[in-house]
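These notes are about the structure you will find just below.
Every value quoted in this text rests on a predicted model; they were computed, and no experiment measured them. So that the names make sense, note that chain A is the first sequence line, chain B the second, and so on, each numbered from 1.
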Protein chains: 2
Amino acid sequence: MADREPAGSPKAAPKDTTSGRSYTVGSVAHALHLIDHVVSGPPAGMSLAELTASMGLSKSSTYALARTLVDHGYLQSVGQPPRYQLGMTLVRLGDHALSAIPLSDICRPVLVKLSQETGLTSRAAVNDNGYPMFIARVDAPGAIRFHTPLGVRELPHTSSAGKAMLASMPAERVQQIIEDSGLPARTAKSITSLADLTADLEVTRQRGFAVDDEEDDPGVFCLGAAFYRFGPEPVGAVSATGIKQDRATRHIEALGRSVRAAADEITQLLTGQETR
Amino acid sequence: MADREPAGSPKAAPKDTTSGRSYTVGSVAHALHLIDHVVSGPPAGMSLAELTASMGLSKSSTYALARTLVDHGYLQSVGQPPRYQLGMTLVRLGDHALSAIPLSDICRPVLVKLSQETGLTSRAAVNDNGYPMFIARVDAPGAIRFHTPLGVRELPHTSSAGKAMLASMPAERVQQIIEDSGLPARTAKSITSLADLTADLEVTRQRGFAVDDEEDDPGVFCLGAAFYRFGPEPVGAVSATGIKQDRATRHIEALGRSVRAAADEITQLLTGQETR
DNA sequence: AACAGTGTTCTGTAATACCGAACAATCCGA
DNA sequence: TCGGATTGTTCGGTATTACAGAACACTGTT
């Protein structure tokens, strides 16, 4: 998020070489921002005019950037007048990047089973310095599609996967992680004090799984459990997500046991056989 | 495919402003090529020195490009000395791009069933001007992992998905597609003449599914069937992939019926309910 | 220790990414 | 049917900056 220009001044800061240089290529940064804007734009895609407005660059420059990205398949322009949306190259690269994480392949069949058992959307995350970074998702057959994209990190203290991982870490490490992330409130129910968090983690340990009761998203309910390979530091966590009102999320104990079992199965797969 | 430079001349063409300008941003193109090199490099990642060698740029320029990509999560540098590999942003973007294609969500459960029935890796592709562009993949539980990334196009005449789609197109349209793609031989068994292709498509029509018998990859066997929405022009195709020698690929008729049934089921889902 | 590799930082300059304006091609409502 | 407003595309000129090259820091090896 710490970026160069908030697209405020049209002429850009002329001499920002104050102290330390940044060693980044400006036009490339512009291009990647362009992609970001397409992502956060409407699904139908964005017109050049819209992109130009959001970029803070001239029309012709935006055009050249978009052309370059289209030429390489990072964007595709559909229709006439063209609307820019994400291209197939990104699908290819994302798939490739995912396949480099053997964990995602290992987790997927387990998640399929978990979703069948619970009727919920189940996901797996790797431990990214205390943050859960999601690398696999399996939607339940009839379930509502959640907006839970892969490749994103959630907060350690508001997600069930995050709390599941924190619960099996020493208090010192938890504090270190929270110092980095802070305890921002995502909803009214979010945990915002270290004392509350440690209490919640203690409950989590005794219960065997973590609960996120509308702490990250209003109306969304999550259960999570961590899995391991060697020491107590968790490798990652699985989570099951549902709507709070659904009857499927009533029997928390039973669902929690399923999540716990799924995590244990992944632990088994990781420690039993060699990953490679 | 029509690209600027095959990275041949190290200094690039200095004055290519001969007739028509290209309207592309050079440094962005460099950055995307850098990503390409990381993709085709070893899974462990590439060092800066290796990248510099493959890029035809100076070390410092390559460094600046890599830094920029790392800053945005397109690459990640692991270890010390750093090795560059694909980053999580690409996972996020790829997932986002895929989710913009509703077909992929519709196909996945059908493919799961198909893989369970056949024990093969099953995939779904959309019709991209006659080329099959793969948007979903489900590996069979115990199956060998094929190198079949999503987001890539296969050739119309060497893939079972491609031939399945061609088989339900008028001869005129087939010819038009083949004029674009040509009939390059991927293996010794590949079809290389239009006469052979039309004969094969006729067999495909009568059989109800397409067969790729080591025509795209030596030792790899594929069955495919197209699915539809409105007219006869297919929307896409499903395919099941296996190793030629496996006993699983013996009973071609039975497997073909499963593939055919899966495709029909998708057609049903597409025509029955509204996609959106 | 000296060396042969790395990756990182620095400076000048030539190239080019950017802007602004003009052009073309649509889609409106009048 | 016609303007008029909006879109996308093309075109020079100039100031910015992306680039090369060399110097620096760092690590492991002979």
Side-chain angles (χ1 to χ4, degrees), chain A residues 4-5 7-34 38 41 44-71 75-85, chain B residues 4-5 7 9-34 38 44-71 75-85:
Chain A
R4 316 208 66 203
E5 306 259 329
S9 52
K11 201 52 185 294
K15 284 282 127 98
D16 198 271
T17 328
T18 41
S19 50
R21 243 198 287 182
S22 46
Y23 293 104
T24 64
V25 181
S27 54
V28 174
H30 284 153
L32 304 186
H33 282 139
L34 187 75
V38 173
M46 295 180 76
S47 69
L48 179 61
E50 292 167 333
L51 285 174
T52 302
S54 65
M55 286 287 294
L57 286 176
S58 74
K59 208 182 4 170
S60 48
S61 302
T62 308
Y63 180 68
L65 289 172
R67 282 278 290 210
T68 309
L69 291 170
V70 168
D71 283 350
L75 297 181
Q76 57 188 148
S77 79
V78 305
Q80 191 69 275
R83 303 195 71 81
Y84 294 96
Q85 45 190 238
Chain B
R4 315 207 66 209
E5 304 257 332
S9 51
K11 201 54 184 296
K15 242 101 234 200
D16 199 273
T17 329
T18 42
S19 51
R21 243 199 288 183
S22 45
Y23 295 104
T24 64
V25 181
S27 54
V28 173
H30 285 154
L32 305 186
H33 282 139
L34 189 84
V38 172
M46 294 181 76
S47 69
L48 179 62
E50 292 169 332
L51 285 174
T52 303
S54 66
M55 285 288 294
L57 286 175
S58 73
K59 208 180 7 169
S60 51
S61 302
T62 308
Y63 180 68
L65 289 171
R67 282 278 289 212
T68 309
L69 291 169
V70 169
D71 283 351
L75 297 181
Q76 59 188 148
S77 78
V78 304
Q80 192 68 278
R83 302 196 72 79
Y84 295 97
Q85 44 190 239

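Of the side-chain N and O atoms in A:Y23, none sit less than 4.0 angstrom from OP1 or OP2 of D:dA18.
In terms of modelled atom types and a separation under 3.5 Å, the side chain of B:Q85 and the main chain of B:A44 share a donor-acceptor contact.
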Exercise for the section: Take B:L32 and A:D71, measure what side-chain contact (heavy atoms from CB on, under 4.5 Å) needs, and give me the verdict at the end. Expected result: CA-CA 10 Å; B:L32 305 186; A:D71 283 350; over 6 Å; no
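The side chain of B:R67 has C:dT9 as its nearest neighbour among D:dG8, C:dT9, D:dC19. Nearest to the side-chain atoms of A:L57 among the listed nucleotides D:dG8, C:dT8, C:dC19 stands C:dC19. Side-chain proximity of B:A49 to the nucleotides C:dT6, C:dC18, D:dC19 is greatest for C:dT6. Listed nucleotides: C:dC18, C:dT6, C:dT8. Nearest to the side chain of B:Y84: C:dT8.
Here C:dG7 presents its C1' atom at 8 Å from CD of B:Q80, a figure rounded to the nearest Å. The distance from atom CE of B:M55 to atom C1' of C:dG7 is 17 Å, rounded to the nearest whole Å.
Taking a pair as Watson-Crick or G-U wobble with both distances under 3.5 Å, DNA chain C forms stems of 3 or more consecutive pairs at C:1-4 with D:27-30, C:7-23 with D:8-24, C:25-27 with D:4-6.
Listed by first and then second residue, the salt bridge (Lys or Arg N to Asp or Glu O under 4.0 Å) pairs involving residues 54-69 of chain A amount to none (not counting sequence neighbours). Pairs of residues two or more places apart, or lying in two chains, that qualify as salt bridge (Lys or Arg N to Asp or Glu O under 4.0 Å) and include a residue from residues 45-58 of chain B are B:E50-B:R83.
Applying the side-chain contact (heavy atoms from CB on, under 4.5 Å) test to A:A64 and every residue at least two apart in sequence or in another chain returns B:V25. Residues meeting the side-chain contact (heavy atoms from CB on, under 4.5 Å) test with A:S61, sequence neighbours left out: A:L57, A:S58.
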Can you pull every protein N or O that's under 3.5 Å from an N or O on nucleotides 21-26 of chain D?
residue	atom	partner	partner atom	Å
D:dG21	O6	B:S60	OG	2.8

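Distance check, rounded to the nearest 0.5 Å: CG of B:L65 to CG of B:L51 gives 10.0 Å. Atom OG1 of A:T68 sits about 11.5 Å away from atom NE2 of B:H30, to the nearest 0.5 Å.
The residue among A:Y63 and B:T62 whose nearest nucleotide of DNA chain D lies closer to the 5′ end is A:Y63. Both A:V25 and A:L48 lie close to DNA chain D; mapped to their nearest nucleotides by heavy-atom distance, the more 5′-ward contact belongs to A:L48.
Residue B:S47 comes nearest to B:Y84 through the heavy atom pair C-CD1, 4.5 Å, listed as atom of the first residue, atom of the second, then distance.
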